[in-house]
There are 2 protein chains.
Amino acid sequence: MAMTRVTIKDVAVSLGLSVSTVSRALNDKGDVDPKTRKKVKEKAVELGYFPNMVAKALKGKVLGLLGVVIDDNANPFYAEVVKGMERQARKYGFHLLLVNTSADYEEQVFAVDFLQSKGVDGILIAPVDDTKPYEMEALRVPFVVVGRHFEEGDFVEVYNDEVLGGYLATKHLLDGGRRNIVTIQPAMNIYPTRGRSEGYRKALIEFSAELYNQSRELKSSPEQAGNSLKEYIKTQGLPDAIFAYNDMYALEVITCLKGRKLRVPEDVAVVGYDDIPYSVYVHPALTSVALDKEWMGRTSVELLVRMVQGEELKKKKYIQKPVLRVRDSG
Amino acid sequence: MAMTRVTIKDVAVSLGLSVSTVSRALNDKGDVDPKTRKKVKEKAVELGYFPNMVAKALKGKVLGLLGVVIDDNANPFYAEVVKGMERQARKYGFHLLLVNTSADYEEQVFAVDFLQSKGVDGILIAPVDDTKPYEMEALRVPFVVVGRHFEEGDFVEVYNDEVLGGYLATKHLLDGGRRNIVTIQPAMNIYPTRGRSEGYRKALIEFSAELYNQSRELKSSPEQAGNSLKEYIKTQGLPDAIFAYNDMYALEVITCLKGRKLRVPEDVAVVGYDDIPYSVYVHPALTSVALDKEWMGRTSVELLVRMVQGEELKKKKYIQKPVLRVRDSG
DNA sequence: TTGAAAGCGTTACCAC
DNA sequence: GTGGTAACGCTTTCAA
């Protein structure tokens, strides 16, 4: 087990060559006699040699490590994004280093520092707060912002048209005859919340100023969504539709509604967001704004790798257009 | 951005000290004048120095990287396990390197090699096939087997009592009056399939030899579960209960059943496994064998870190007892 | 075509 | 208590 590692030097001495020649042979670089090269490679395999990336990295080469800083890998949205990242990273010979922040700012600061001290070549990050670009200055390696969008700063970003998403969802509800639509979302000030709100209000005002004036935004958390809604209903009365921040919120909202013997969508229509894989199995099947999550992962890694390899990206914003997937809940 | 990194040497010259002294001061090692130590630390902060773990690792120290080799991070079961791993790893100052194998053996071989060449200190692995212990010999770093169990080989393993899980599920169905129970699982030959089958058969034979002789194991895949079942029904007739390998299978099975206008659980009862977070929201809510997935993640990391730090584990098998969560599907 | 030697950032041994 | 130096495994000039 703990047998000492086979190094380039072992290969060299066993062949009576110098380490430099072996290095060149193995990396197909410089001038090496084809025969020598062949011998070296065979010997390397025979001895079970495999390169020590750590040593390579110390020589200024890339380690092939990409840090991923997200809220929670078990959130089905991020799970899919990460899956896409992993797949793409592998194609380029890169590995993913995962850190969850629980959407906590301190954790994020720590994560970034820690990741960098480990020598990652780049970072994929969904910042906890995308309103303060100067906070990204702690980043000393190339990075790509995933699923967020800073108004200022010209970072490379891969995100979704959240305004369109919010508009689509709300418009659909309006088209279905709903007039008392409340939206529920987390208190975080990030582009996804801002954008979806904006889309929501855009659809409302497009319909009438009156409806716009009655717009209602409820702040909550995935776990508390049900309780927040209950509270809201108690004081403000029953809405006829709810545009949930994402499918987790929608699921909680539906559970709460059912608990009060209300029918979905007959009494209250519910539209979610993210279109997680389980939305088909729940009852009623969720109507949701769909995003290609793997695309986000693949694209962000693709861009980051190019940056790590020294490429200067001209295009910096990669925006995806969401689509409404209409099912039974609204 | 691309400003060159602050090294220990920069701190040394700016203070007129030697690198060795600075190193000792920073690491609280050996003899250093308390005053010097203080000065060094302050200067380090001032200059924005942070240790280069890659260089440390080259010196034979631990890099603080743990490789994770699993089927698919987006599988809700693994997502929770990974979450537990990440949390625990962080406590110890370790990072997680994620690789998905899609349950493909070649991918796994590649993953392990690749991870090792990147200098990981240890590996957490859910092997694609846990019947061939000698295949683990490619592992040259400490490793912990997660969610799998080899009959031979004395690896450190963190897994679940799958026999009990299968027994619990089947017994519950039997107690509910079901007599024609088929189980559906993947074709993979891994402890979870073997164990759950065994538990299934154990419950059957405990009831009667006749029932045992009628036991039916259907091999399929999560995506094909519905079709496989349809095929089965066509040739073998309708069972009155299905013990699904996990909740994903169960969800597919239920969808298939509903598609044929069959009622769950009235016509066919369905029990799943893993108790994923969404099982509460689906309709009917899934009865499922529950596991503490985060515990698996935490424990395996805990053990691996201890191994990496040189500890010899006396206890090698960490087994969790599953519990049946009865809801509406069966 | 091949080899010697320097250097990447850090630690550790051994003098001073 | 402090500093010089070798060493970790590898790549990369620069000579030979």
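Order of the sequence lines fixes the chain letters, A, B, ..., with proteins taken first and strands second; residue numbering starts at 1 for each chain.
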- Item | Rounded interatomic separation in angstrom, taking CG from B/L58 and C1' from D/dA6 | 14 Å
- Task: Determine: side-chain N/O of A/T36 to OP1/OP2 of C/dT2, distance under 4.0 Å, yes or no.
- Result: yes
- Side-chain N or O of B/K9 closer than 4.0 Å to phosphate OP1/OP2 of C/dT10: no
- Message: Under 3.5 Å, is there any donor-acceptor pair linking the side chain of A/K59 to the base of C/dG7?
- Response: yes
- Message: D/dT11, OP1 or OP2 - any side-chain N/O from A/N27 closer than 4.0 Å?
- Response: yes
- Message: Taking atom types as they are modelled, would you say the side chain of B/R24 forms a donor-acceptor pair with the base of D/dG3 within the 3.5 Å cutoff?
- Response: yes
- A/Q108 side chain vs A/T101 backbone, donor-acceptor pair below 3.5 Å: no
- Message: From NZ of A/K56 over to C1' of D/dG9, roughly how many Å is that when rounded to an integer?
- Response: 11 Å
- Item | Interatomic distance, A/I8 CD1 vs D/dA7 P [rounded to whole Å] | 18 Å
- Can you find a donor-acceptor pair, distance only, under 3.5 Å between A/S20 side chain and C/dA4 base? yes
- Query: Pick one: which of A/E151, A/H149, A/E162, A/M188 meets side-chain contact (heavy atoms from CB on, under 4.5 Å) with A/R194?
  - Reply: A/E151
- Message: Just the rounded figure in Å: distance from P of C/dT10 to NZ of B/K29.
- Response: 14 Å
